[in-house]
Participant: 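Have a look at the structure that comes next, please.
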Amino acid sequence: MSTTVETPEKLVTREETKTETSWPWSLWARQTLAILRLEIKKNFLSRRALLLYLLASLPLALLGLLALIPPDADEFRDFSALNVVFAAIYNGLILRTLLFFGCAWVFMNLFRGEVVDRSLHYYFLAPVRREVLVVGKYLSGLTATAVVFSVTTLGSMILLLFRHTPAESSRYFFDGPGLEQALTYVGITVLACVGYGAVFLIVGLFFRNPIIPALVLYGWEWINFLLPPMLKKVSVIHYLQSLAPVPIPDSPFAVLAEPTPAWISVPSLFIFTAVILVLAGLHIRRMEISYAGE
Amino acid sequence: MTTTAAAAAIAPASMIVFDDVSKFYGEILGVNRVNLRIAPGITSLVGPNGSGKTTLMNLMTGLLRPTRGRLSVLGTRPDQPEELFRKVGYCSQFDSFPRGATGRDLIEFYLTVHGHSRADVRELTQAAIDRVSMNEAADRKVAGYSKGMRQRIRLAQSIAHGPQVLILDEPLNGLDPMARAEIIRLFRQLADEGLYLIISSHILHEVDMMSDSVILLHNGYVVAEGDVHGVRDEIVEQPMQILIRCDRPQYLAARLFEQEHTVEARIHEDRQGLFVKTRRPDDFYLSLNRIVTESGLAIESVAPADDDLSAVYQYLISSDGGVVR
């Protein structure tokens with residue numbers, strides 16, 4: 001056993017001096033960054049990340065297969081038809097299903113996963129405001145899902161359009177509005193991660209088994225087209241759909257509603273997210289750790 | 001310094017204070033109506049499993065919230081982690097670690113979240129690792145550690161930021177005898193530096209050896225607090241037992257039985273001494289002096305036989321119970 005008795009008083013005193021101000025924003029920022037760094041590593045490299053990669057790679061695998069064995073259908077030779085096919089794949093498969101469940105997996109595990117692993121106390125025993133912890137963890141989940149699903153979105157687009165109609169696609173992307181459209185899809189993907197991320201973060205905080213509420217939410221988002229205009233607005237997908245650069249044909253059963261303009265839908269999503277994060281912060285402030293029964 | 005003696009002299013902002021604190025887990029009692037003032041030094045929480053030791057520690061560190069009452073640690077409420085954990089280090093019993101982390105990672109992670117710069121993190125981490133003698137294993141994965149090594153690395157993590165209060169839940173569990181002695185020495189060293197050490201244990205002789213004061217818990221209630229000998233003196237219902245080593249134990253037993261305060265006198269198995277139970281120790285010692293002077297008895301030793309923690313605890317929780325004045 002070492003008999004060294006030096007204590008890091010000097011360093012602690014320095015640290016305490018830094019936090020004496022009533023609103024230590026710089027300390028909070030450093031702590032948020034520290035949490036973000038640690039959590040990003042977990043979100044990208046842990047075993048849990050495998051499901052995220054699996055979900056995100058499904059459309060790439062599917063479209064890769066179609067690129068290798070092109071179907072003998074007219075839509076796959078017509079650029080404008082392919083553009084609508086991509087819009088349908090993006091809306092139905094990527095946005096509503098894979099991104100939805102990818103966000104559910106990542107964000108619900110931010111806290112729930114730590115409770116299951118019995119490791120949340122490491123954060124709770126640090127001199128960090130629990131609200132800072134919420135923000136740091138949320139940003140880490142957002143970074144992971146936004147990066148992974150943006151790659152999926154762009155990759156799917158490239159695989160579908162460039163493989164089947166290379167000449168038109170090149171013109172469209174490099175001389176036409178294609179690049180802007182691709183960036184819009186990526187923007188929708190990021191916004192979806194912002195909105196769904198906040199929802200699933202709080203679901204993971206409130207529910208011991210968050211699978212059921214996730215499925216209920218999934219159903220709610222899917223039947224959005226059947227809902228009356230007022231209820232449509234109580235969903236994330238409504239705001240995202242109204243931003244889509246290529247509209248997809250409405251279902252014959254759809255209840256039609258005016259799309260919400262971007263200048264309303266984008267800030268609305270951010271306000272909604274901020275409110276959810278505040279609620280999560282209030283909840284976690286009172287949270288107790290009892291791993292019994294997990 | 002004892003809990004009670006020091007409490008009167010120290011301001012609440014310099015103590016760990018429990019004011020009528022209760023914690024219920026639904027219908028189940030965790031701790032009930034706890035009133036404590038804990039001063040610097042080593043204070044041990046003693047009691048069997050389920051007596052409320054870990055609940056008290058989790059309440060102090062904000063991992064649990066009291067159902068009723070208030071508590072503060074050196075003037076800080078446990079629901080203010082941003083202030084509390086600059087003063088407090090907690091070596092919990094949770095035996096889980098982030099996957100793939102090395103011992104060094106674990107401490108660095110903790111200090112990074114504190115908001116320290118990278119250079120400070122490295123410096124403080126190394127100092128903590130040195131202090132618990134984990135240099136050789138610090139860069140190995142915690143998953144491969146023995147129980148004793150995990151215990152040490154948790155201890156290193158809890159002292160790394162230089163806390164004033166160190167809360168240690170069964171810190172000696174899993175350590176071999178040599179390591180136990182070393183860790184106890186470290187605790188003593190930290191206490192001598194002026195730290196508050198709150199240690200839970202159910203190994204009574206170790207607690208007896210290292211503690212400045214004890215808090216005895218049973219079924220969620222504090223049954224006694226103070227230094228062990230003080231607590232024993234206050235148990236008025238249980239006669240004090242004293243072992244006297246002498247050359248004529250039968251004679252001494254007969255003489256002592258003449259005294260009103262003697263409850264029992266029993267010859268030791270080796271017939272080289274006797275156990276005496278008395279309700280009034282002061283009167284007993286006066287009588288013993290008188291008998292020795294009158295008879296010329298050769299006394300080898302006189303020592304209390306039941307003021308160790310184990311005996312005190314047994315008295316306090318036995319069905320007939322001990323009454324603390």
Side-chain angles (χ1 to χ4, degrees), chain A residues 1-16 18-20 24 26-35 37-39 41-42 45-48 114-133 136 284-292 294, chain B residues 25 58 61-65 79-90 92 94-101 106 109-117 120-121 123-124 127-133 135 157-164 178-179 181-183 185-186 189-190 192-193 195:
Chain A
M1 179 70 52
S2 162
T3 51
T4 320
V5 290
E6 63 192 20
T7 50
E9 281 163 10
K10 181 187 69 177
L11 300 169
V12 172
T13 310
R14 198 190 309 160
E15 194 55 39
E16 280 171 353
K18 278 183 214 165
T19 60
E20 268 171 10
S26 78
L27 175 70
W28 291 347
R30 270 184 298 135
Q31 289 184 324
T32 305
L33 274 175
I35 294 165
R37 232 181 9 246
L38 294 163
E39 290 292 313
K41 213 185 280 180
K42 271 196 239 172
L45 301 176
S46 74
R47 254 185 284 172
R48 280 208 177 97
E114 297 257 18
V115 173
V116 171
D117 291 347
R118 295 171 176 245
S119 55
L120 187 57
H121 63 279
Y122 285 106
Y123 277 121
F124 279 17
L125 296 178
V128 181
R129 279 184 77 97
R130 292 194 183 168
E131 293 87 339
V132 170
L133 180 59
I284 203 165
R285 191 100 189 137
R286 303 186 61 80
M287 190 170 167
E288 294 188 338
I289 286 200
S290 167
Y291 295 138
E294 296 299 336
Chain B
Y25 302 97
N58 286 349
T61 50
L63 295 185
L64 293 175
R65 300 170 67 82
D79 62 357
Q80 298 173 315
E82 60 276 21
E83 278 182 47
L84 184 78
F85 290 109
R86 301 219 171 268
K87 301 173 182 173
V88 174
Y90 183 22
S92 75
F94 300 126
D95 199 24
S96 52
F97 296 89
R99 281 202 190 106
L106 201 71
F109 157 86
Y110 187 60
L111 292 169
T112 304
V113 177
H114 269 248
H116 290 291
S117 69
D120 286 357
V121 165
E123 191 182 332
L124 292 175
I129 287 169
D130 287 344
R131 202 142 199 203
V132 298
S133 303
N135 258 310
Q157 189 197 33
S158 61
I159 61 174
H161 60 293
Q164 291 165 265
M178 188 88 93
E182 287 171 353
I183 295 287
R185 206 159 46 236
L186 173 64
Q189 208 174 63
L190 291 166
D192 293 343
E193 288 169 19
L195 263 70

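Per chain, numbering begins at 1; letters A, B, ... match sequence-line order. Any value given below was found using the heavy atoms of this structure, including those in side chains, with hydrogens, waters and symmetry copies removed.
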Participant: List the atom of A/Ser119, the atom of B/Ser96, and the distance in Å for their closest heavy-atom pair.
Facilitator: N-OG, 4.3 Å
Participant: Quick check on B/Ser92 against chain A: is it the side chain, the backbone, both or neither that has a heavy atom closer than 4.5 Å?
Facilitator: side chain
Participant: Counting only non-hydrogen atoms closer than 4.5 Å, does B/Tyr25 touch chain A with its backbone (N, CA, C, O), its side chain (CB onward), both, or neither?
Facilitator: neither
Participant: Given a strict heavy-atom distance threshold of 4.5 Å, which part of B/Leu84 is in contact with chain A: side chain, backbone, both, or neither?
Facilitator: neither
Participant: Can B/Arg65 and A/Glu288 be counted as an ion pair, charged N to O under 4.0 angstrom?
Facilitator: no
Participant: Would a 4.5 Å heavy-atom cut-off, applied to side chains only, mark A/Pro127 and B/Gln80 as touching?
Facilitator: no
Participant: Give, for atom CZ of B/Phe97 and atom CG of A/Asp117, the distance between the pair rounded to the nearest 0.5 Å.
Facilitator: 13.5 Å
Participant: Indicate the atoms forming the closest heavy-atom contact of B/Leu64 with A/Ile289, along with that distance.
Facilitator: CD2-O, 3.8 Å
Participant: Does the plane of the ring in B/Phe94 sit parallel, tilted or perpendicular to the ring in A/His121? Use 30° and 60° as the thresholds.
Facilitator: tilted
Participant: For B/Pro81 and A/Val128, work out which heavy atoms get closest and say how close.
Facilitator: CG-O, 3.6 Å
Participant: Closest heavy-atom contact between A/Phe124 and B/Leu63?
Facilitator: CB-CD2, 3.7 Å
Participant: Please look at B/Glu83 and chain A and tell me whether the side chain, the backbone, both or neither of the residue comes under 4.5 angstrom of a heavy atom of that chain.
Facilitator: neither
Participant: Can you see which heavy atom on A/Arg37 is nearest to which on B/Thr112, and at what distance?
Facilitator: NH2-CG2, 3.7 Å
Participant: Could you pull out the closest heavy-atom pair between B/Val113 and A/Ala126, with the gap in Å?
Facilitator: CG1-CB, 3.8 Å
Participant: Please state whether the side chain, the backbone, both or neither of A/Arg47 comes within less than 4.5 Å of a heavy atom of chain B.
Facilitator: side chain
Participant: So for A/Leu125, is it side chain, backbone, both, or neither that comes closer than 4.5 Å to the heavy atoms of chain B?
Facilitator: both
Participant: Given heavy-atom pairs under 4.5 angstrom as the criterion, report whether the side chain, backbone, both or neither of B/Leu111 touches chain A.
Facilitator: neither
